[in-house]
There are 2 protein chains.
Amino acid sequence: MTADKAAPAHKGQSGESVRQHNLSTVLRLVHLQGTILRSKITATTGLNRSTVSDLVSELSELGLLVEKETVAPTGVGRPSLAVTATDNIVAFSVNPEIDATTVSAVALSGRVVTKERRLMRSHPTADNAIAVASEMIAKMSKELEPGTRIVGVGVSVPGQVRSSDGVIRFAPQLGWVESAFAAALSQETGLPVYLGNDASLGCIAEARFGAAKGINDAVFLFAGSGGIGGGVISEGRTVSGAAGYAGELGHIRISSSKQVDYSGFPGTLEALVRRNDLLDIFKLYVATDEELDAEIRSTESTKAKRLIEDQIDSLADGISTLVNIFNPEVVVLGGFLTSLFEFAPDQLISKMKRGALAAASERVVIRKGALGSNLLVLGAAELPFEALINAPSSFSLTDA
Amino acid sequence: MTADKAAPAHKGQSGESVRQHNLSTVLRLVHLQGTILRSKITATTGLNRSTVSDLVSELSELGLLVEKETVAPTGVGRPSLAVTATDNIVAFSVNPEIDATTVSAVALSGRVVTKERRLMRSHPTADNAIAVASEMIAKMSKELEPGTRIVGVGVSVPGQVRSSDGVIRFAPQLGWVESAFAAALSQETGLPVYLGNDASLGCIAEARFGAAKGINDAVFLFAGSGGIGGGVISEGRTVSGAAGYAGELGHIRISSSKQVDYSGFPGTLEALVRRNDLLDIFKLYVATDEELDAEIRSTESTKAKRLIEDQIDSLADGISTLVNIFNPEVVVLGGFLTSLFEFAPDQLISKMKRGALAAASERVVIRKGALGSNLLVLGAAELPFEALINAPSSFSLTDA
DNA sequence: AGATACTTGTTGTTTAAAACAACAAATACA
DNA sequence: TGTATTTGTTGTTTTAAACAACAAGTATCT
C-alpha cells in the first residue's frame with residue numbers, strides 16, 4: 001500500500017464528496033494545529049457555525065478528535081470550544097539507517113508517543129530491516145495505551161521510491177535495489193504501509209510543523225552522509241513528479257567539473273558539497289552533525305576555512321538555480337548545510353543573490369530546519385495520517 | 001487586473017461553491033476539447049446524467065456554449081448531443097516583440113478569429129506598446145461579428161511579471177522596467193487585462209492544446225533571440241512560485257564557466273545555448289527559426305557542427321538537471337532548441353540520461369512543441385479564459 | 001422488416017447537507 | 001447590574017445533486 005495519487009482532474013463534486021472534503025478540511029486543520037478553537041475553524045473554513053458543529057461532532061464520534069471547554073477564555077462573548085486531535089490515534093514511523101532502525105509511534109495530535117532506536121549490523125538487507133521493524137512495531141503496539149487505534153506505518157527511505165506501488169527502486173547507502181518493501185512490511189504487520197523518500201518527508205514535516213509552517217512556496221535541502229536530498233512545496237503541494245521521483249535536488253548540476261573521485265554525477269551540488277570532505281579535513285572518521293558543527297565553528301585552519309567557503313559558494317550556486325526555478329518564499333536547510341550557512345550567512349546570501357534573478361530572489365529567506373531529530377519521525381507519520389485525513393469516515397483503523 | 005492567486009487553503013465547500021466548481025469543470029472540459037459529447041462529460045466528471053444536463057443548459061443560457069445534434073452517430077443507443085464552446089466569446093491576445101506587436105482575437109472554442117501583426121520602430125516604450133495594442137483592440141472589436149462578447153485581454157511578456165498586480169518588473173529585450181502595464185492597458189481598453197511571462201504561457205498552451213496535452217507532469221524549454229525561458233506543469237498545475245517568477249529555466253547553472261561576453265549569469269543554460277552564437281557561425285545577422293533550422297540541417301562545416309554538438313551537450317545537461325528535479329513525463333522544446341534536438345536526437349537523449357537518475361529519466365520523452373506561431377497567441381488568451389472558466393456565472397463580459 | 005438490446009436525454013421526485021434563523025449560554029465591560 | 005458581544009444549539013429552509021422511470025433514437029440479430 002502506498003500514498004494515493006492526486007485526484008483525477010476534471011472530476012465533478014457530488015453531495016457526498018463535499019461532505020468528505022469538509023470532514024477532511026476540518027480534520028486537517030486540527031491535525032496541523034494540534035488544538036484549535038471551533039470558532040477559528042468556522043472562520044478559516046468559511047463554513048457556517050452549525051455546519052462546523054456538525055462536522056466536528058461526526059469526527060468526534062469517529063474517535064478522531066475531542067472537544068474540551070477552553071480553560072483560558074479568549075475575550076468577549078461565549079467562550080469557544082477547543083478541538084484537539086486525540087492521542088489515541090497513532091501512526092508508526094519507521095526510519096531505517098545504515099547501522100540502525102528507528103521506530104516511533106506518533107499521535108494524530110503530533111505528539112511522539114514512543115521512539116526506539118535499534119542498532120543493527122551495518123548495511124542490513126531489506127528483509128532484515130522488515131523483520132526488525134515489524135518486531136518492534138508488534139512490541140510497541142502492545143505497550144500502547146488501551147483503546148489506542150493504529151492508522152498505519154510510514155517509512156522514510158534514503159533513496160528512490162516508486163509511489164504507485166511502494167517499491168524501493170534504489171537506496172544506494174543501504175544497498176537495496178528493487179525491493180517491494182511496502183507490500184512485505186504490510187504483510188508482516190497487518191497494517192497499511194506507505195513509503196516516501198526521506199528528504200521529501202523531511203520537507204513535508206518542515207512545511208507542516210517546522211521552519212516553513214504556513215508557507216506555500218518553499219524549497220528544502222537536507223544533507224547527510226549519503227548526500228544531499230531535497231523537496232519542493234509549490235502552492236502548498238509537494239512536487240512529486242510523474243512517478244514520484246521528483247525532488248532530487250542534490251543532483252542538480254552547478255559546475256562543469258569532471259572529477260572522478262565520486263560515485264555520483266560530477267559537477268552536481270551533491271558532488272561539491274560533501275560531508276565526507278569536511279570530515280576528512282578535520283581528520284574525523286565519523287561524527288554527529290553536532291560534532292561536525294562544533295569543528296566548523298571553532299576551526300582556525302586556513303585550509304579548512306577555504307574548503308568551507310568553497311562549499312558555501314557551491315551551495316549558493318545550487319540555491320540560486322533553485323530560486324530561479326521555484327521563486328520560493330523560504331529555503332530551509334538541514335543537516336550540516338545548517339553549519340555551512342551559520343559559518344558565513346552573508347557570504348551564502350550574497351553569492352546566492354548574485355546568481356539569481358533579482359525579482360525571484362529579493363524576498364527569499366534562508367533558514368535552518370526546526371524539527372531536529374524528529375524530522376523524519378514526523379515526516380514519515382504524515383503518510384498514513386494523510387490517508388486517514390483524506391477519508392476520515394471510511395478509513396479502517398486497527399486496534400492496538 | 002491579473003490572474004487570481006490560488007484559492008486559499010483549508011477552505012470549506014458550501015452548496016453554492018460546489019455548483020460553481022461543477023460549472024467550471026464542465027466549461028473547462030468543453031474549452032479544452034473544443035467539442036465534446038455530453039455523455040463524455042458525464043463519464044469524465046462522474047456526475048449524474050441529469051446533473052450534467054442541468055449544468056450544460058445553465059452554461060448555454062449564459063451564452064458560453066452550444067448544444068448541437070451529433071452528425072455522425074457514435075454507436076449503439078440514442079446519440080449523445082455535441083457540446084461546443086461558442087465562437088461568440090473571444091479574448092484578445094497581445095504579444096509584444098522587439099520590433100512588432102501582434103494582437104489576435106481567440107474564441108473560447110480555440111479558434112484564432114483574427115490575427116494582426118503591426119511593425120513598430122525598434123524597442124518601443126511600454127506606453128507606446130499600450131497605445132498600439134489598445135488601438136488595434138478597438139479596431140478589431142468593431143470588426144467582430146455582431147453579438148460577440150469579450151472576456152478580456154491576455155498579454156505575453158518577454159520578462160518577469162509580478163502576478164499579484166500585473167506589473168512588468170523587467171523585460172530586458174524591450175528595455176521595460178517596472179511598468180504597470182496591466183492597469184494602463186485596462187484603462188485604455190476598458191477590459192480586464194492579465195499578464196503572463198511568455199515562456200509560462202507557451203507552457204500552458206502546449207500543455208492544454210499542444211505537445212503535452214493530457215500530460216500532468218511536463219517541463220518546457222523555449223528559446224528565442226532573447227534567451228531561454230521555460231515553464232513547468234506539476235500534477236496538472238503550473239508552477240508559478242511565491243510571486244509568480246518561477247520557471248526561469250534558462251537561468252539554471254550547468255557549468256562553472258566564468259565567461260564574460262554575456263550579460264546574464266555565466267555558466268547558465270541560457271549562456272551556453274545561444275541563438276546568436278549559431279547565427280554568428282553561419283554569418284547571419286537575423287534569421288527566422290526556419291532559416292536557422294535549414295542552416296543547421298544542411299551545414300557541412302566542422303566548426304559549425306562542433307558548436308551545435310556543444311550546445312546539444314549543454315542542453316542535455318540542463319535537461320538532466322530538470323529531470324532530476326521534476327521527474328516529468330515529457331520535455332517539450334520550442335524555438336531553435338527543436339533544431340538542436342533534431343540535429344542529433346540520440347546524442348541529446350543519451351547525454352541527458354547520463355546526467356540524470358535512472359529512475360527519473362527512464363520514461364522521459366523529449367519532443368518538439370506542436371503549436372508553432374500560435375503558441376503565445378493561445379497561451380495569452382488562456383489568462384482571460386481561465387478567469388471566465390473559474391467563475392462562469394458571475395463573470396461580466398463586455399459587448400464587442 | 002421487425003423485434004430487441006442498448007445508450008442517452010428528459011422529467012418529476014427524493015435526499016443529503018449546508019445555510020439560515022432564532023434562541024440560549026457564557027463572557028467582558030460600562 | 002445591565003448591556004453588548006460572541007459562540008454553541010436546535011429546528012427549519014433551501015439548494016443542488018442523485019435517483020427513478022420513461023421516452024427517444026441507433027445498432028444488431030433473426
Side-chain angles (χ1 to χ4, degrees), chain A residues 10-27 30 35-62 65-84 392-394, chain B residues 10-27 30 35-62 65-84 392-394:
Chain A
H10 311 306
K11 192 70 180 295
Q13 291 181 326
S14 63
E16 204 182 335
S17 73
V18 171
R19 182 68 173 184
Q20 294 308 315
H21 173 95
N22 286 342
L23 286 169
S24 295
T25 304
V26 170
L27 185 55
V30 177
T35 293
I36 184 174
L37 293 177
R38 223 168 75 179
S39 58
K40 185 85 184 294
I41 298 178
T42 307
T44 51
T45 59
L47 296 167
N48 190 279
R49 267 213 308 278
S50 54
T51 306
V52 171
S53 171
D54 194 48
L55 291 166
V56 169
S57 57
E58 179 165 345
L59 291 167
S60 292
E61 276 165 35
L62 289 165
L65 38 82
V66 185
E67 282 183 296
K68 296 176 199 162
E69 288 187 4
T70 324
V71 192
T74 32
V76 204
R78 177 173 179 173
S80 190
L81 297 175
V83 183
T84 309
S393 62
S394 58
Chain B
H10 312 305
K11 192 68 179 297
Q13 291 181 328
S14 63
E16 204 182 334
S17 73
V18 171
R19 182 67 174 185
Q20 294 307 315
H21 173 97
N22 286 343
L23 286 169
S24 296
T25 304
V26 171
L27 184 55
V30 177
T35 292
I36 184 175
L37 294 178
R38 224 169 72 180
S39 57
K40 185 85 184 293
I41 298 177
T42 306
T44 51
T45 59
L47 296 167
N48 189 280
R49 266 212 309 277
S50 54
T51 306
V52 171
S53 171
D54 195 46
L55 290 166
V56 169
S57 55
E58 179 165 345
L59 291 168
S60 292
E61 275 164 35
L62 288 166
L65 39 81
V66 185
E67 283 184 294
K68 297 177 199 161
E69 288 188 3
T70 324
V71 192
T74 31
V76 205
R78 178 173 176 173
S80 191
L81 297 175
V83 182
T84 310
S393 62
S394 58

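Residue numbers begin at 1 in each chain, while the letters A, B, ... track the order of the sequences. Small disclaimer: the values here were computed from a predicted structure and weren't measured.
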(Q) Rounding to an integer number of Å, can you tell me how far B/N48 CG sits from C/dG9 P? (A) 11 Å
Q. Restricting to pairs with a member in residues 36-46 of chain A, which pass salt bridge (charged side-chain N to carboxylate O under 4.0 Å, His left out), not counting sequence neighbours?
A. A/R38-A/E67
Q) Between B/P392 and B/L59, which heavy-atom pair has the shortest distance, and what is it? A) CB-CD2, 3.8 Å
Q. Does B/R38 place a side-chain N or O at less than 4.0 Å from the phosphate oxygens OP1/OP2 of C/dG9?
A. yes
Q: Quick one: do A/E58 and A/S393 satisfy side chain to side chain donor-acceptor pair (under 3.5 Å)? Show the steps, please.
A: CA-CA 9 Å; A/E58 179 165 345; A/S393 62; 4.9 Å; no
Q.
Output the rounded distance in Å from CG (B/L23) to C1' (D/dA16).
A. 11 Å
Q: By nearest nucleotide on DNA chain C, pick out whichever of A/G46 and A/E69 is the more 5' one.
A: A/G46
(Q) Please confirm whether the shortest side-chain N or O distance from A/N22 to OP1 or OP2 of C/dA17 is below 4.0 Å. (A) no
Q) Rounded to the nearest Å, what distance is computed from the CG atom of residue A/L47 to the C1' atom of nucleotide C/dC20? A) 14 Å
Q: Ignoring the backbone of A/R78, work out which of C/dA18, C/dT10, D/dG8 is nearest its side chain.
A: D/dG8
Q: Check the distance between C/dA24's P and A/L81's CG and give it to me in whole angstrom.
A: 19 Å
Q. Nearest-Å distance, NZ (B/K68) to C1' (C/dT8)?
A. 20 Å
Q) Would you say the side-chain atoms of A/S53 pair up with the backbone N or O of A/R49, donor to acceptor, closer than 3.5 Å? A) no
Q: To the nearest Å, give me how far apart CD (B/Q20) and P (D/dA16) are.
A: 9 Å
(Q) For a quick test of reading the model: is some side-chain N or O of A/S80 closer than 4.0 Å to OP1 or OP2 of D/dG8? (A) yes
Q: Check the distance between C/dA18's C1' and B/H21's NE2 and give it to me in whole angstrom.
A: 17 Å
Q: Could you say whether A/G77 or A/L37 is positioned toward the 5' end of DNA chain D, judged by the nucleotide with the nearest heavy atom to each?
A: A/G77
Q | Euclidean distance, A/T25 OG1 relative to A/L55 CG, rounded to 0.5 Å | A | 8.5 Å
Q) When the distance from CG of A/D54 to P of D/dT12 is rounded to whole Å, what number comes out? A) 16 Å
**Q.** Residue closer to the 5' end of DNA chain D, B/L55 versus B/R49 (nearest nucleotide)
**A.** B/L55
(Q) Does C/dA18 have its OP1 or OP2 closer than 4.0 Å to a side-chain nitrogen or oxygen of A/R19? (A) yes
Q) Counting just side-chain N and O atoms, does A/T51 come under 4.0 Å of either OP1 or OP2 of C/dA19? A) yes
Q: Examine D/dT9: is either OP1 or OP2 under 4.0 Å from a nitrogen or oxygen in the side chain of A/S50? Give yes or no.
A: no
